[in-house]
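Read the numbers this way: they start at 1 and go in the same order the structure lists the ligands and their atoms. Bear in mind that the values here come from a model prediction, so they are computed numbers and not experimental data.
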Amino acid sequence: MRYFEYSQTLMGTKVSLQLIEKNDLAAKIIFGSIKMLEDKLTVNREISEVMSINKAAGKHPVGVSPFVFTLIEQAKAISIAKNSCFNVAIGALVKLWKIGFQNGNVPADEQIQYCLLLTNPHLIRLDKQKYTVFLEKTGMEIDLGAIAKGYIADAIKKLLLAQQVNTAIINLGGNVLTVGDSPLSADGYWKIGLQKPFAKSSQPIVVIKIKNKSVVTSGIYERFFIEANQHYHHILDPKTGYPLDNELQSVSVISHSSMQGDIYSTHLYGLGIEKSISYLQETPSLAALFVTKDKKIIVVNIDSSLIQLINKEYVITNHSFG
Ligand code: FAD
Ligand code: MG
């Protein structure tokens with residue numbers, strides 16, 4: 001059995017769509033839709049709906065499409081939750097560090113402290129009647145980098161189903177979403193390999209079996225730079241303004257909604273292993289797999305029959321609270 005793979009570079013990453021039947025029309029519609037969503041949500045170009053909000057910070061509210069409004073509304077709600085490591089108002093810091101872009105650099109501490117003052121998510125004013133967004137302080141910036149790919153993956157799934165494409169895998173650079181049962185296995189599970197952090201070629205360390213679910217990974221090994229022997233990656237601590245520093249190399253969240261997976265992979269990365277385990281104990285609907293710098297794989301709320309260790313340099317431990 002072979003797949004038909006369609007791929008394009010969008011959102012600074014390889015976006016791929018695998019179908020079991022050739023369907024150029026569906027692929028065209030899907031990639032066109034992703035491009036349309038990217039055009040509205042990006043902060044990596046001068047013009048987009050989110051950039052209009054950012055440019056009007058401290059000046060005036062900006063009307064946006066209903067879906068952009070709802071996405072920002074959801075992102076704000078997570079950002080203002082107690083002890084959240086996810087902050088949609090982190091844009092000024094992201095632009096200051098430029099991690100993952102060619103000119104990434106360690107900014108002066110004073111600049112970081114200044115930008116931190118521009119990241120209060122409570123200062124995102126939303127008017128649900130008018131669908132407007134207003135950032136109260138000049139210099140504030142919304143950044144949807146930790147949620148939008150998940151949102152887009154969910155939107156693509158709906159679009160595929162609407163076109164009667166009932167079997168597919170979508171991969172938006174670290175956001176994998178499966179549609180329907182896998183035709184490759186008798187039990188219908190898809191096998192998703194998680195890559196070895198920092199490996200130059202494709203080397204899965206562990207395989208997760210999923211069905212009608214998404215696997216979203218946030219890690220420190222794809223977007224980073226090294227300065228004075230220090231490794232600086234792109235997930236920033238909303239409290240300090242510096243890259244989050246802990247024992248983790250990556251977090252993968254398994255969930256129905258890829259947007260939830262995107263949000264929580266970033267949040268749990270920030271919590272670190274101990275707090276994440278407590279968090280997941282209270283949230284049994286959420287499953288996650290953590291890879292630590294000292295080669296441990298910690299699996300939480302996933303049945304061990306769905307996990308297969310490939311690279312024996314790693315040691316797996318399993319916690320189940322579901
Ligand atoms: P995640 O952990 O999900 O998110 C990390 C990203 O979220 C960071 O890169 C930063 O943007 C932001 N962030 C950092 N810390 C936090 C935090 N504590 N809370 C919330 N958010 C945080 N990349 C390019 O190189 N070129 C492009 O033109 C480009 N265009 C894009 C357009 C869109 C619409 C989107 C969604 C992404 C685009 N990207 C682009 C990629 C983007 O810059 C991020 O690197 C990417 O979204 C990170 O996703 P992730 O799943 O690896 O990490
Ligand atoms: Mg994320």
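In this structure, Gly174 has no heavy atom closer than 4.0 Å to ligand 1.
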For side chain to side chain donor-acceptor pair (under 3.5 Å), just list the numbers for Tyr151 and Asn175, CA-CA rounded to whole Å, side-chain angles, deciding distance to a tenth of an Å, and then say yes or no.
CA-CA 10 Å; Tyr151 171 84; Asn175 282 56; over 6 Å; no
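No hydrogens or angles considered: a donor-acceptor pair under 3.5 Å links the side chains of Asp24 and Tyr6.
Polar contact check, Ala148 against ligand 1: no nitrogen or oxygen pair lies under 3.5 Å apart. Below 3.5 Å of separation, one finds no N or O of Phe86 facing any N or O of ligand 1. Considering backbone and side-chain atoms together, Leu41 places no N or O closer than 3.5 Å to any N or O of ligand 1. Polar contact check, Leu144 against ligand 1: no nitrogen or oxygen pair lies under 3.5 Å apart. In terms of polar-atom proximity, defined here as any N/O pair under 3.5 Å, Ser265 makes no such contact with ligand 1.
Within ligand 1, the atoms closer than 4.0 Å to a non-hydrogen atom of Thr42 are 30 (N), 32 (C), 34 (C), numbered from 1 in the order shown. Within ligand 1, counting atoms from 1 as listed, the ones closer than 4.0 Å to a heavy atom of Asn87 are 17 (C), 19 (N), 20 (C), 21 (N).
When all heavy atoms are compared, the tightest approach of Trp97 to Gly241 is NE1-O, 2.9 Å.
With hydrogens left out, the protein atom closest to atom 40 (C) of ligand 1 is Met11 O, 3.1 Å, a heavy atom. Taking atom 12 (C) of ligand 1 as the reference point, the nearest protein heavy-atom neighbour is Asp143 OD1, 3.8 Å. In this structure, the protein non-hydrogen atom closest to atom 10 (C) of ligand 1 is Val94 CG2, 3.7 Å.
Proximity of Ser276 to Val251: side-chain heavy atoms (C-beta onward) are nowhere separated by under 4.5 Å.
Angle OG1(Thr266) to the Mg ion (ligand 2) to O(Ala146), rounded to 10°: 100°.
Contacts between Pro238 and ligand 1 below 4.0 angstrom, taking non-hydrogen atoms only, involve the side chain exclusively.
The aromatic rings of His231 and His233 sit tilted relative to each other, their planes meeting at an angle between 30° and 60°. Note on ring orientation: taking the six-membered ring where Trp is involved, the planes of Tyr131 and Phe69 are perpendicular (angle over 60°, cut-offs 30° and 60°).
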